[in-house]
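Everything below concerns the one structure shown next.
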Amino acid sequence: MEMNLGKLLVIGFGPGNEEHMTFRAKEAILESDAVIGYNTYIDIIRPLLTDQEIVRTGMTEEVSRAQEAVRQAEQGRSVAVISSGDAGVYGMAGLIYEVLIEQGWKEETGVRVEIIPGISAINSCASLLGAPVMHDACTISLSDHLTPWELIKKRVEAAAQADFVISLYNPRSGRRTRQIVETQQILLSYRSPDTPVGLVKSAYRERQHVVITDLAHMLDHDIGMLTTVVIGNNSTFMYDGKMITPRGYQRKYTLDSEEQQLKPHQRLQEQAEPWAMHQGGSQTKAEVASAVDLAEEAMTKVGCKESEHKQSSEFSNEFRQQSIFEFAVSPGIANKKISAQQMLSIAEIVGESGTIEYTPDHEMRISVHTDQPDEITSRLKTEGLLLLPIGNVVKVKACDFCDGEKRDAIPHATELQEKLGGLSVPKAMTIGINGCGMACYGATADDIGIIYRRQKFDLFLGAKRTGRNAHVAQLVAEGVEPDQIVETVVAVVEQFRERGLPNERFHKFFKRVQEINGFKFRDVPDQVVVDEVCGD
Ligand code: SAH
């Protein structure tokens with residue numbers, strides 16, 4: 001009997017047209033001796049059939065169809081069991097396994113089973129709507145044929161609450177009309193009435209029909225057994241008749257600029273993405289201009305979403321699109337003392353959801369959810385705090401000048417902060433300024449170290465602060481006149497900005513270029529090899 005065991009080919013044929021059917025699905029249909037499936041599905045794949053027998057079970061029950069398929073395979077036939085979309089998504093795949101398991105089937109000894117994946121409705125319908133899925137999404141079948149309605153409602157509620165993009169399968173039939181109405185009610189208690197909704201009927205089939213509407217008006221349109229309903233999340237927006245869900249919820253702001261350095265309309269400029277434009281030299285100026293207009297409109301939409309949402313305030317909106325604002329704060333260049341009032345202001349701004357991180361660079365790094373960074377910066381500045389951008393920028397780190405007792409170098413430190421603090425550089429760098437020869441704040445361990453001694457400055461370049469081969473900076477100049485020090489350091493930083501490679505650390509840059517502003521790099525002897533004795 002084992003000799004002529006057959007095969008079950010469980011095939012998802014995709015939305016319904018041949019172009020969107022996989023190669024393996026077509027091949028498997030040709031390989032089969034018999035085909036089992038709903039009559040409408042058989043009609044869809046009929047052009048692909050050669051001499052396969054169409055098994056008409058005469059039964060509408062899927063379970064009986066699965067049992068018949070298994071029975072025929074056990075008789076040695078190759079049986080294609082066809083589902084629309086993917087056979088593993090509300091299709092026949094699970095049922096086939098259930099029937100087999102009931103009979104004690106094992107892969108090693110039983111009939112062979114191959115599940116052939118297909119494009120499910122969530123994907124085919126999304127492609128016709130624009131890009132509505134993009135982010136975390138789920139599918140929910142509204143059919144209570146095999147699932148209690150109470151459970152389906154719970155799932156709708158949970159998905160609505162968790163801000164999933166939701167794809168509703170089996171939304172309504174002639175008999176089942178209530179479910180989609182209740183579903184809309186549940187969704188409206190978590191999402192704005194203007195949340196985009198896409199209705200796709202018969203995707204990639206003859207009677208394909210696509211509607212883009214919103215949560216409030218979705219029931220004004222025809223929804224049936226061949227429709228998939230795609231509900232946007234709180235970030236989904238409509239644009240030029242398309243439904244689009246952005247990839248991320250949070251855009252980042254830093255103190256000086258948004259992290260996203262190029263906005264979409266800037267990206268469309270040739271100098272920004274030379275590979276993307278004028279590829280065949282065929283694009284006219286007018287076409288470029290209209291692309292820029294479209295991109296600008298899209299940006300406004302993404303930006304506007306927030307304010308639109310604010311107007312419709314009755315619904316819970318905890319997932320509203322928000323930005324993260326990140327920056328560093330310190331009590332000042334020379335001042336290391338922070339007041340209780342300043343701490344209170346920081347605490348209020350950070351609130352429950354933000355974070356404060358104390359860094360090795362004498363500053364607190366703040367991260368808050370906000371779309372009004374200006375309000376935060378003006379409040380903290382009023383409190384007398386120094387706000388600094390983070391990322392690949394210059395950080396000026398001074399000592400406390402012995403609580404102001406050794407104050408001669410303070411004006412220079414302040415001037416350096418004004419001229420260079422926060423300036424963008426190829427890689428983050430620190431400039432340490434210490435007010436006496438003790439250099440107890442460790443200026444020699446900074447990228448640029450400046451130490452005030454006998455009314456003059458010593459200049460150090462290129463420390464490597466971290467790692468096993470950490471080293472202090474090289475003393476490149478002694479006794480620099482106070483009225484020269486600022487412009488000397490500015491010149492060194494300017495060279496780094498001009499000639500440094502992206503992400504190149506300052507000490508590596510110094511070693512590579514060998515000379516900065518006339519200061520020569522001196523090679524340091526290599527590290528001692530500890531294990532040399534054991535080598536041979
Ligand atoms: N296995 C299928 C789903 C079967 S449940 C798949 O993965 O897509 C049947 C439901 O699927 C329908 O009620 C409808 O909501 C959806 N559906 C299947 N094919 C579709 C198509 N071509 N266009 C729109 N919706 C479709």
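Because the structure is predicted, anything quoted here is derived from the model rather than measured. We count ligands from 1, going down the list as the structure has it; atoms in each ligand are counted the same way.
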Polar side chain donor-acceptor pair, [X] to [Y], under 3.5 angstrom:
X    : Y    : result
T50  : Q52  : yes
Y90  : S143 : no
Q72  : E68  : yes
D194 : S192 : yes
D43  : T40  : no

Identity and distance of the protein heavy atom lying nearest [atom]:
atom                    : answer
atom 11 (O) of ligand 1 : Y169 CD2, 3.4 Å
atom 13 (O) of ligand 1 : M225 O, 2.6 Å
atom 4 (C) of ligand 1  : Y90 O, 3.7 Å
atom 26 (C) of ligand 1 : T228 OG1, 3.4 Å
atom 19 (N) of ligand 1 : R205 NH2, 3.6 Å
atom 2 (C) of ligand 1  : S84 O, 3.2 Å
atom 15 (O) of ligand 1 : T227 O, 2.7 Å
atom 24 (C) of ligand 1 : L226 O, 3.2 Å

Side chain, backbone, both or neither: [X] near ligand 1, heavy atoms under 4.0 Å:
X    : value
S120 : both
S202 : backbone
I122 : neither

Would you call [X] a ligand 1 contact, heavy-atom distance under 4.0 Å?
X    : result
G16  : no
Y204 : no
S124 : no

Handout entry: Nearest-0.5 Å distance that lies between atom CE in M429 and atom CZ in R497
Key = 11.0 Å
Under 3.5 Å, N or O to N or O, is [X] touching ligand 1 that way?
X    : answer
P15  : yes
A121 : yes
D86  : yes

Practice task
For atom 1 (N) of ligand 1, state which one of V89, L128, N170 supplies the nearest heavy atom.
Solution key: V89
Practice task
Only heavy atoms count here, so choose which of S143, A203, G224, P117 is nearest to atom 21 (C) of ligand 1.
Solution key: A203
Practice task
Considering the heavy atoms of V200, write down every atom of ligand 1 situated less than 4.0 Å from one of them.
Solution key: 24 (C)
Practice task
Assign the ring pair H20 / Y204 to parallel, tilted or perpendicular, where the plane angle (0 to 90°) is split at 30° and 60°.
Solution key: tilted
Practice task
Kindly assign one of parallel, tilted or perpendicular to the pair Y239 and F237, based on the angle between their ring planes and the thresholds 30° and 60°.
Solution key: perpendicular
Practice task
Give a yes or no on whether the backbone of P132 and the side-chain of T245 come within a donor-acceptor separation of less than 3.5 Å.
Solution key: yes
Problem - Over 12 foreign heavy atoms within 6.0 Å of CZ, R205 - result: yes
Fill in the blank from the handout: Between A137 and V133, the two heavy atoms sitting closest are CB-CG1, 3.6 Å
Exercise for the section: Test P117 against every option in I11, V10, D86, T22 by the side chain to side chain contact (heavy atoms under 4.5 Å, CB included) rule and name the one that passes. Expected result: D86
